[in-house]
S.K.: 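What follows is a structure written as structure tokens; I'll ask about it next.
Every chain is numbered from 1, with letters handed out A, B, ... down the list of sequences.
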Protein chains: 2
Amino acid sequence: MATGRPHRPATRSRGIPEATVARLPLYLRALTALSERSVPTVSSEELAGAAGVNSAKLRKDFSYLGSYGTRGVGYDVEYLVYQISRELGLTQDWPVVIVGIGNLGAALANYGGFASRGFRVVGLIDADPELAGRQVAGLTVLHSDELERVVEENGVSIGVIATPAGAAQQVCDRLVAAGVSSILNFAPSVLAVPDGVDVRKVDLSIELQILAFHEQRKAGENAAALPEPENGEVTPVEPPATAAVTRGRTDREGQPARPDGGPDSDGGTDSAPAVMPA
Amino acid sequence: MATGRPHRPATRSRGIPEATVARLPLYLRALTALSERSVPTVSSEELAGAAGVNSAKLRKDFSYLGSYGTRGVGYDVEYLVYQISRELGLTQDWPVVIVGIGNLGAALANYGGFASRGFRVVGLIDADPELAGRQVAGLTVLHSDELERVVEENGVSIGVIATPAGAAQQVCDRLVAAGVSSILNFAPSVLAVPDGVDVRKVDLSIELQILAFHEQRKAGENAAALPEPENGEVTPVEPPATAAVTRGRTDREGQPARPDGGPDSDGGTDSAPAVMPA
DNA sequence: TGATGTGAACGTCTTCACAGCG
DNA sequence: CGCTGTGAAGACGTTCACATCA
């Protein structure tokens with residue numbers, strides 16, 4: 001789950017729960033697919049299947065929007081597409097700037113899903129003078145100096161940060177100062193923003209770490225009940241001996257720092273700082 | 001937030017709540033930064049600030065791992081880094097394959113955050129014969145035919161899908177058949193997987209849509225209380241007249257489908273299918 | 001009759017407030 | 001004394017089960 005953090009304390013937005021808002025785009029995608037196949041109506045059961053949720057949840061979600069279904073029949077696809085689009089604000093045009101045109105920024109600029117949903121990329125910005133002037137996704141990459149100008153001229157309210165972690169906060173500050181009030185952050189850093197500015201975070205590495213946690217548990221179940229090193233003594237989990245069959249895990253280091261003695265036993269740790277592609 | 005869907009019904013994993021697991025990587029990052037600055041201990045307050053959460057939540061989270069702090073003092077940085085790493089399974093080495101080497105796949109392959117946390121990219125795979133043989137991030141891109149071989153030879157249990165939406169399910173099926181049991185999906189499609197396989201989804205377009213929702217609400221507050229088209233009659237929200245000052249929104253279409261009459265009034269809709277960069 | 005819409009029950013997550021310990 | 005660790009309360013989200021209505 002790319003996890004986001006709405007700055008105000010999870011205030012229900014006009015009565016629509018955050019969790020529901022987060023699922024509306026999912027429904028919209030499924031509905032759009034149906035619309036293209038000219039399917040006139042769907043039941044909550046069918047639509048829920050296509051969106052990967054259960055039908056009770058879907059019906060409750062839709063109930064927050066109003067009564068858009070027909071009992072005994074289902075939901076009118078076209079009508080629902082429009083209502084959800086309107087609720088999400090996709091019947092408007094949202095100019096967007098992307099800052100940091102590395103591989104990731106370029107991927108975002110080329111991403112078809114943006115343009116098709118009311119988002120229009122109006123500016124690509126990078127600090128590297130080498131990049132300035134180059135064409136990416138049909139747009140000319142601009143130097144960072146132009147950031148404020150692009151934001152103001154286009155009335156941009158949504159900014160995407162795809163810079164290295166070190167640059168993210170500074171870029172964020174400039175975006176906010178120029179008038180941006182919603183930020184999608186791909187850099188692995190925590191952004192501080194004033195009240196009224198929304199930040200959502202997408203962190204590639206965090207997602208993998210969550211997967212690793214669950215993967216580790218599966219492995220633990222296959223072996224005996226996993227040994228619990230509750231106190232300082234650490235017993236590294238022995239990988240099951242069956243080599244080729246068991247999914248590959250190879251233990252690395254084995255020495256933790258101890259909480260009591262002076263924690264200066266071992267100088268620096270191994271891990272490099274998490275840095276974005278650039 | 002990029003949202004994930006653990007397949008089993010949100011079972012607490014060995015007593016650690018999912019929400020806590022999702023935050024551990026955040027804490028780990030903040031702790032690693034402190035560790036590099038050779039800070040020996042942190043209070044829950046400081047660490048919470050660095051991670052962007054409140055301190056009560058952080059303490060509760062850590063309490064699920066055990067009592068790793070010292071009252072009146074705080075937490076030993078090195079020790080906590082190790083404990084969280086172990087809990088997340090990052091003291092092991094996780095071989096990973098990335099399928100779909102477009103801009104996004106290349107960005108992922110180059111992403112420093114992977115390698116530094118126990119994740120090792122062992123295979124880059126793409127269906128395009130043109131790409132096969134090219135070097136990306138120091139690895140040779142392999143053709144899809146090699147998928148099963150790479151997964152089996154390296155004991156890969158985590159796969160990343162960065163293909164277009166249309167290819168995602170097929171790639172997923174092959175990964176699972178070859179032995180992968182955790183999947184990070186960047187394609188905008190709902191994946192069906194057998195029990196025991198975890199899927200996490202990162203959807204760039206969904207994140208933007210959620211931002212747009214909140215952005216729209218901010219705009220609505222600035223104007224009068226937003227008009228509620230509760231019944232079929234739709235009143236498109238008039239954008240505030242102040243042009244340059246108000247953040248840019250320009251209305252597009254205005255005609256919704258009606259729920260009662262035959263829904264065949266207007267053939268196809270405008271929006272193109274959401275497709276990944278390739 | 002068959003599907004929606006929704007109160008009510010349940011489970012999970014967050015926050016509070018303070019006991020307890022170094 | 002200061003900070004952790006945690007019961008308890010409250011907010012939020014999900015699921016159930018069924019009244020309701022086209």
Side-chain angles (χ1 to χ4, degrees), chain A residues 1 3-13 15-24 26-27 40-49 51-77 79-80 83 230 259-261, chain B residues 1 3-6 8-24 26-27 40-49 51-77 79-80 83 230 232 258-263:
Chain A
M1 160 192 46
T3 317
R5 176 188 55 128
H7 205 70
R8 358 193 175 181
T11 311
R12 286 206 172 181
S13 309
I16 302 184
E18 264 305 304
T20 295
V21 172
R23 279 187 296 266
L24 291 181
L26 228 64
Y27 302 144
T41 59
V42 262
S43 68
S44 62
E45 202 79 46
E46 291 170 305
L47 185 53
V53 303
N54 83 38
S55 63
K57 184 147 48 181
L58 178 142
R59 286 199 303 278
K60 182 133 280 210
D61 283 343
F62 285 176
S63 79
Y64 293 116
L65 308 184
S67 289
Y68 293 150
T70 308
R71 291 168 198 247
V73 178
Y75 299 91
D76 180 280
V77 171
Y79 187 62
L80 203 45
Q83 290 300 345
E230 198 59 31
D260 4 87
Chain B
M1 45 203 189
T3 319
R5 178 189 54 127
R8 0 194 173 181
T11 311
R12 288 209 171 179
S13 309
R14 141 66 190 313
I16 300 184
E18 265 305 303
T20 295
V21 172
R23 280 187 296 267
L24 290 182
L26 228 64
Y27 302 144
T41 60
V42 264
S43 68
S44 63
E45 202 78 46
E46 292 170 304
L47 185 53
V53 303
N54 82 38
S55 62
K57 184 147 49 181
L58 178 142
R59 287 200 302 278
K60 179 71 87 179
D61 283 342
F62 285 176
S63 80
Y64 293 116
L65 308 184
S67 290
Y68 292 151
T70 309
R71 291 167 198 246
V73 177
Y75 300 91
D76 180 281
V77 172
Y79 188 62
L80 202 45
Q83 290 299 345
E230 198 59 31
R258 296 294 297 275
D260 7 87

S.K.: From C:dT14, D:dT14, C:dT6, pick the nucleotide closest to the side chain of A:K57?
M.R.: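 The closest nucleotide is D:dT14.
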S.K.: May I ask you to say what A:Y75 touches in the nucleic acid, namely base, sugar-phosphate or nothing, with a heavy-atom cut-off under 4.0 Å?
M.R.: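 The residue A:Y75 makes sugar-phosphate contact but no base contact.
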S.K.: What are the two closest heavy atoms between B:L58 and B:S44, and how far apart are they?
M.R.: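 For B:L58 and B:S44, the tightest heavy-atom pair comes out as CD2-CB, 3.7 Å.
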S.K.: State yes or no: are the ring centers of A:Y79 and A:Y68 separated by less than 6.0 Å?
M.R.: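 Ring centres of A:Y68 and A:Y79 closer than 6.0 Å.
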S.K.: Sorted by first residue and then second, give each salt bridge (Lys or Arg N to Asp or Glu O under 4.0 Å) pair with at least one member in residues 58-75 of chain B; sequence neighbours left out.
M.R.: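 Sorted pair list: B:R23-B:D61.
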S.K.: Just the rounded figure in Å: distance from C1' of C:dT6 to CG of A:L65.
M.R.: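 Value for this atom pair: 15 Å.
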S.K.: Between B:L58 (CG) and C:dT15 (P), how many Å, whole number?
M.R.: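 Nearest whole value for this atom pair: 12 Å.
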S.K.: Taking NZ from B:K60 and C1' from D:dT6, how many angstroms apart are they, rounded to a whole number?
M.R.: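 It works out to 5 Å between those atoms.
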S.K.: If you take all heavy atoms of A:K57 and A:N54, which pair is closest and at what distance?
M.R.: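 Between these two residues, the closest heavy atoms are N-OD1, 2.9 Å.
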S.K.: Would you mind telling me which of D:dG13, D:dC3, C:dC13 lies closest to the side-chain atoms of B:E18?
M.R.: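 Per side-chain heavy atoms of B:E18, the pick is C:dC13.
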S.K.: In whole angstrom, what separates A:E45's CD from C:dG2's P?
M.R.: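 It is 14 Å, rounded to the nearest whole Å.
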S.K.: Write down the distance between OH (A:Y79) and C1' (C:dT4), rounded to a whole number of angstrom.
M.R.: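 After rounding, the reported distance stands at 15 Å.
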S.K.: Rounded to the Å, how far apart are A:L24 CG and D:dG13 P?
M.R.: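 Taking CG of A:L24 and P of D:dG13, I get 13 Å after rounding.
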S.K.: Supply the atom-to-atom distance A:T70 OG1 to A:Y75 OH, rounded to the nearest 0.5 angstrom.
M.R.: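 The distance works out to 9.5 Å.
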S.K.: A:N54 has an atom CG; how far is it from atom C1' of D:dA17, in whole Å?
M.R.: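 Taking atom C1' of D:dA17 as the reference, CG of A:N54 is at 13 Å.
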S.K.: What's the closest nucleotide to the B:S63 side chain, out of C:dA8, D:dG5, D:dT4?
M.R.: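 Closest nucleotide to the B:S63 side chain: D:dG5.
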S.K.: Return the value, rounded to whole Å, for the distance between atom CG of B:D61 and atom P of C:dT15.
M.R.: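 In whole Å, C:dT15 P lies 11 Å from B:D61 CG.
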S.K.: Which atom names give the shortest non-hydrogen contact between A:Y27 and A:A51, and what distance separates them?
M.R.: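 Looks like CD2-CB, 3.8 Å.
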S.K.: Which residue, A:R23 or B:V42, contacts DNA chain D at a nucleotide closer to its 5' end, judged by nearest heavy atom?
M.R.: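 Checking each residue's closest nucleotide, the 5'-ward one belongs to B:V42.
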S.K.: In sequence, state the C-alpha distance, the side-chain angles, and the governing distance for B:F62 and B:L80, and then conclude on side chain to side chain contact (heavy atoms under 4.5 Å, CB included).
M.R.: CA-CA 9 Å; B:F62 285 176; B:L80 202 45; 3.3 Å; yes
S.K.: Think A:S44 has a side-chain N or O under 4.0 angstrom from the OP1 or OP2 of C:dA3?
M.R.: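 No, outside the criterion.
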S.K.: Please tabulate the protein-to-nucleotide N/O contacts below 3.5 Å involving nucleotides 17-22 of chain C, giving atom names and distances.
M.R.:
unit_1, atom_1, unit_2, atom_2, d
C:dG20, N3, B:R71, NH1, 3.2

